[in-house]
Amino acid sequence: MNLKSLAQQLGISETTVSRALNGYPEVSERTRQRVLAAAEEFGYRPNPMARSLASGRTNVVGIIHPLSPNDLADPMFMQIVDGMVEALEERQMDLIMAPVSPVNELRAYEHMVKERRVDGLIVGRTHLYDERIAYLAKQGLPFIAHGRTSVNEPHAWFDYDNEAGMRIAVEHLLAHGHQRIGLISAPLDMNFARQRFASFGKAMQAAGLSQNPRHLIENTNDRRSGYLAMQKILGSETPPSAVIVDNH
DNA sequence: CGTTTCGTCCTTCGGTTATT
DNA sequence: AATAACCGAAGGACGAAACG
């Protein structure tokens, strides 16, 4: 069932059917309802290929993800995906998630852009200087970054207030009387980790406390490295009385 | 008579396939 | 080898019938 035959069934023109389905104003409400009902009845679905051809859009938003085995069991990640899907569904758009090996990540972005497979991209886990964002900004493909970066091109992003979050965490521990505080960080080339690390140092300094380098472990990004980091901290000669972990 | 609603006609999209 | 037709839909320009 395509647009043409649907129009024939209804005895009205293709244009009117198209207008009715796509929310154009110059269609009476009664006709619109008739069209919608018929579309439902005959199970009409616009051919996505043809639609893309005509509109130049794919109605797909993508996220390229260097997949590690942990991700699919990661409730935080799934929560984010869930939010994206919810927003896209409202607009009848799809999300495609492209798992990719870390070495191929930039190539995957080029693939998406050059072959116009998506209308837009979401870029997660931003780096201090993020080549992916530099690339996308140059190409002009719409995207939004989850996290900041030092790339200069103007672009949309959303992020948490890492500076404030870490300061609050430190102040919380200070208020409980802790003086020796450790920090387990994600790799510091990740922007969020760097910001939190810097904020930690600032908050400790503001409290007049010195940081013990042995209590600062970076480069943890999974269960195992986190476990090892904590072991290392607790095994030091004067272990901290509290530890902040910057990553779930 | 002015507005609303719908139709006709035409172009466009990017690539494949059939026809000159 | 060049050209045209075609796929299915979007959408703009314009005209006309229906309506209050």
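Note on naming: letters A, B, ... go to the chains in the order of the sequence lines (proteins, then strands), and numbering restarts at 1 for each one. None of these values were measured; they are calculated from a predicted model.
- Within the 4.0 angstrom heavy-atom criterion, only backbone atoms of the sugar-phosphate kind lie near A:S28; the bases stay farther away.
- Between B:dC9, B:dG14, C:dG8, one nucleotide has an atom nearer to the side chain of A:R116 than all others, and that is B:dG14.
- Taking only side-chain atoms of A:Y24, from C-beta outward, the nucleotide of B:dC13, C:dA9, C:dG11 with the closest atom is C:dG11.
- If you measure from atom CZ of A:R45 to atom P of C:dA10, you get 12 Å, rounded to the nearest angstrom.
- Look at A:N47 and you won't find any side-chain N or O under 4.0 angstrom from OP1 or OP2 of C:dC7.
- To the nearest angstrom, P of C:dG8 lies 12 Å from CE of A:M49.
- The side chain to side chain donor-acceptor pair (under 3.5 Å) check on A:N219 picks up nothing, with sequence neighbours excluded.
- Nearest-nucleotide positions on DNA chain C for A:E14 and A:R19 put A:E14 closer to the 5' end.
- In the set C:dA10, C:dG12, B:dT5, the nucleotide with an atom closest to the side chain of A:T15 is C:dG12.
- In this structure, A:V245 is not a member of the same hydrophobic cluster as A:L216, with clusters built from ILVMFWY side-chain heavy atoms closer than 4.5 Å.
- Formation of a donor-acceptor pair under 3.5 Å by the A:R180 side chain with backbone atoms of A:S241 is not found in this model.
- Both A:L174 and A:M166 are part of a single hydrophobic cluster, where members link through side-chain heavy atoms under 4.5 Å apart.
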